[in-house]
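Everything on this sheet refers to the single structure shown next.
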Amino acid sequence: MTTARPAAVIVLAAGEGTRMKSATPKVLHRIGGRSLVGHAIAAARATSPQHLAVVVRHERDLVAAHIAEVDATAAIADQDEVKGTGRATECALDILPADLTGTVLVTYGDVPLLTGESLVDLVARHDESGSAATVITAHLTNPHGYGRIVRDADGSVAGIVEQKDATEEQRAITEINSGIYAFDVTVLREALAQVGTDNAQGEKYLTDVLGIARDAGRLVSAHVIEDLWQTEGVNDRVQLATLGRELNRRNNERWMREGVTIVDPATTWIDADVTIGRDATILPNTQLLGATSIGAGAVIGPDTTLTDTEVGEGAEVKRTEANLAKIGPEATVGPFSYLRPGTTLGAKGKIGGFVETKNATIGDGAKVPHLTYAGDATIGDGANIGAGTIFANYDGVNKHHTTIGKHSFVGSDTVLIAPVDVADGAYVAAGSALTGDVEPGQIAVARGRQKNVDGWVARARAGTKTDAAAQAAAEAGTRHTGTPATESTADSDEQGKA
Ligand code: UD1
Ligand code: CA
């Protein structure tokens with residue numbers, strides 16, 4: 001069965017959302033890495049409509065700017081001061097071509113779990129039945145607040161009555177209006193022209209269109225949906241969290257069915273745009289956010305937050321925070337690592353514990369294993385950065401770059417005072433404060449030479465436990481205290497790797 005493309009989808013998003021008690025317009029609140037209206041637009045796009053229009057009014061400029069960011073081709077329709085879903089729809093029709101024919105869908109900007117498949121389904125049902133209007137309905141145990149579906153004795157849909165306008169008898173109806181519809185656009189236009197505001201709320205109701213179409217002899221149908229989550233709107237922050245958790249549960253389930261191991265779905269949060277390869281394992285308390293992508297077989301977590309980060313196949317990322325970073329295949333990161341924007345770690349590279357990186361390109365097989373800040377750095381393939389190395393990139397005014405060549409070795413506790421350039425195949429002695437470049441094959445030693453002062457403890461700390469220990473050691477001959485052989489410098493002692 002092929003479903004015709006709808007002529008248009010109209011997303012209603014003009015409402016204020018007062019119960020959110022927020023400075024942010026309701027439809028810009030986010031779950032699953034997308035705004036509520038972003039979810040509505042994604043579902044609408046799945047039907048490949050010829051036109052997509054979003055109706056705005058409350059915080060118009062903010063909402064319109066956001067929509068343009070999400071979907072540059074979506075049209076913005078402004079609702080005027082006439083209230084109601086019918087008026088909102090009319091305002092959208094006004095900016096669509098006047099000669100439009102075919103099916104128009106109406107959805108809400110605050111119903112984030114509605115899927116594109118459900119809308120495609122709705123169009124198919126609508127087309128097959130030859131209806132002028134088809135409404136998605138649901139049976140609720142507590143239908144309070146919703147519009148009710150009024151059916152004739154033969155079961156056919158007669159119309160919709162709002163809670164506030166319903167009789168006692170109508171309020172007992174448990175089939176509710178989801179607010180999601182497919183309409184024949186011509187019928188919709190004609191019927192809306194007849195809708196008034198003579199009702200309990202003084203609004204122009206879209207729901208009246210169904211009764212009007214029906215009275216004009218048109219077929220009006222209901223399409224019952226079983227999955228109630230898909231019709232649920234967000235009105236307050238409690239619902240935002242509830243729907244956010246359910247969306248996440250669904251996303252996690254989808255990834256597990258795709259071959260991803262998620263050890264604890266309840267504490268694993270995966271945004272809508274994330275991609276994950278097969279046999280990846282996601283450990284508890286992990287958030288994969290934004291446009292993050294995880295390669296096949298990678299192990300992520302526990303306690304890890306990755307935002308817009310790319311992880312290669314077979315990499316391991318443990319107890320890490322990363323933002324706009326790229327982690328190569330089979331690389332290892334963590335525990336307790338902080339990768340800031342512009343970090344690129346090569347294949348089989350390592351960023352270890354208590355390491356912070358920013359704008360740093362770390363080559364294949366290169367290692368930054370312990371307690372390091374690497375900012376504005378290029379670290380060559382196979383290089384090793386010793387524990388406690390600081391790339392001092394900021395002089396208080398400007399940032400400067402440091403380059404460490406391939407297979408070079410930086411000893412522990414080194415400060416690389418940028419800009420410096422350590423060539424391929426060079427060493428920097430532990431404890432250096434490097435201010436100049438190092439050529440291939442050289443070792444740079446940039447620290448004070450060790451000087452041992454004989455008898456200092458006996459003179460300056462006489463009578464202390466330290467003094468006693470020194471004397472005892474001298475008597476036992478365990479240390480060469482008092483011998484002159486102490487020109488020992490550590491020049492040959494450049495181990496930087498812990
Ligand atoms: C509406 C339906 C009701 C249905 C319910 C489902 C009408 C008259 N009633 O009621 O039958 O059961 O949705 O949730 O349609 N909006 C605008 N402009 C407006 C008013 C609303 O764009 O002037 C948008 C809102 O932003 C929101 C949606 O339309 O996204 C629904 O509005 P809301 O006020 O929540 O409608 P309900 O009274 O709940
Ligand atoms: Ca509502």
Side-chain angles (χ1 to χ4, degrees), residues 9-20 25-29 35-41 43-44 53-60 63-64 67 76-95 105-114 133 135-140 142-150 157 159-166 170-171 173-181 183 188 191-192 195-212 222 224-225 228-236 239-240 243:
V9 180
I10 296 170
V11 179
L12 308 187
E16 195 172 336
T18 40
R19 278 182 283 165
M20 294 299 282
K26 174 165 78 176
V27 292
L28 300 198
H29 281 262
S35 64
L36 298 182
V37 71
H39 285 287
I41 289 171
V54 185
V55 186
V56 300
R57 180 171 159 83
H58 175 70
E59 292 279 14
R60 186 255 178 232
V63 178
I67 291 164
I76 302 293
D78 286 289
Q79 187 174 355
D80 55 21
E81 52 295 321
V82 179
K83 288 199 165 156
T85 47
R87 183 59 186 167
T89 305
E90 215 167 29
C91 292
L93 290 171
D94 283 348
I95 65 156
L105 303 182
V106 177
T107 70
Y108 290 165
D110 57 3
V111 179
L113 266 60
L114 179 72
V135 55
I136 295 184
T137 69
H139 292 280
L140 300 188
N142 177 13
H144 183 86
Y146 287 94
R148 308 295 210 285
I149 305 299
V150 179
V157 176
I160 300 173
V161 60
E162 291 304 289
Q163 167 86 28
K164 287 181 177 149
D165 303 297
Q170 288 167 330
R171 287 184 186 183
I173 298 170
T174 57
E175 185 179 16
I176 60 99
N177 169 26
S178 68
I180 295 145
Y181 320 79
F183 293 105
L188 178 61
L192 276 172
V195 175
T197 56
D198 182 18
N199 52 54
Q201 303 185 85
E203 293 185 2
K204 190 159 184 171
Y205 289 166
L206 179 57
T207 45
D208 286 353
V209 165
L210 281 82
I212 291 169
V224 182
I225 195 167
L228 302 180
W229 289 102
Q230 291 201 40
T231 65
E232 202 160 312
V234 172
N235 293 305
D236 60 27
Q239 284 170 312
L240 186 72
L243 289 183

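Just follow the structure's listing: the first ligand is 1, and inside any ligand the first atom is 1.
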Closer than 3.5 angstrom, by distance alone: can the side chain of [X] be matched with the main-chain N or O of [Y] as a donor-acceptor pair?
X: Asp208; Y: Ile212; result: no
X: Ser178; Y: Thr231; result: no
X: Lys26; Y: Met20; result: no
X: Arg148; Y: Gln163; result: no
X: Gln79; Y: Gly84; result: yes

To the closest 0.5 Å, what do you measure between CD (Gln170) and CG (Asp165)?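 Nearest 0.5 Å value for the CD-CG distance: 9.0 Å.
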
From CD1 (Ile10) to OG1 (Thr89), nearest 0.5 Å: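 Rounded to the nearest 0.5 Å, the CD1-OG1 separation comes to 5.5 Å.
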
Does Arg87 have a heavy atom less than 4.0 Å from any atom of ligand 1?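 It does not; every heavy atom stays at 4.0 Å or beyond.
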
If the contact criterion is a heavy-atom separation under 4.0 Å, does Val55 count as touching ligand 1?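 Contact absent.
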
Residue pairs passing the salt bridge (charged side-chain N to carboxylate O under 4.0 Å, His left out) test where at least one lies in residues 77-89, sequence neighbours excluded: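 Qualifying pairs, neighbours excluded: Arg60-Asp78, Asp80-Arg87, Arg87-Glu90.
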
Using distance alone, decide if ligand 1 has a nitrogen or oxygen within less than 3.5 Å of any nitrogen or oxygen in [X].
X: Leu206; answer: no
X: Gln79; answer: yes
X: Asn177; answer: yes
X: Gly179; answer: no
X: Gly84; answer: yes

Suppose I only count heavy atoms of [X] and a 4.0 Å limit; which atoms of ligand 1 are within that range?
X: Ala14; result: 17 (C), 18 (N), 22 (O), 26 (O)
X: Gly147; result: 3 (C), 4 (C), 11 (O), 12 (O)
X: Glu162; result: 2 (C), 3 (C), 7 (C), 8 (C), 9 (N), 10 (O), 11 (O)
X: Ala13; result: 22 (O), 26 (O)
X: Thr207; result: 7 (C), 8 (C), 9 (N), 11 (O), 15 (O)
X: Ala88; result: 17 (C), 18 (N), 22 (O)

Heavy atoms only: which of Ile180, Val37, Asp110, Thr85 lies closest to atom 29 (O) of ligand 1?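 Closest candidate by heavy-atom distance is Thr85.
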
Using heavy-atom distances only, which candidate in Tyr205, Tyr108, Tyr146 approaches atom 31 (C) of ligand 1 most closely?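 Nearest option to atom 31 (C) of ligand 1, by heavy atoms: Tyr108.
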
Determine whether the side chain, the backbone, both or neither of Glu203 has a heavy atom under 4.0 Å from any heavy atom of ligand 1.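 Within the 4.0 Å criterion, Glu203 makes no contact with ligand 1.
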
Under the salt bridge (charged side-chain N to carboxylate O under 4.0 Å, His left out) test, which residues partner Glu175, sequence neighbours left out?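 Checked Glu175 against salt bridge (charged side-chain N to carboxylate O under 4.0 Å, His left out); matches are Arg151.
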
Shortest non-hydrogen contact from Gly233 toward Val111: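 Looking at all heavy atoms of both residues, the shortest contact is CA-CG2, 3.9 Å.
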
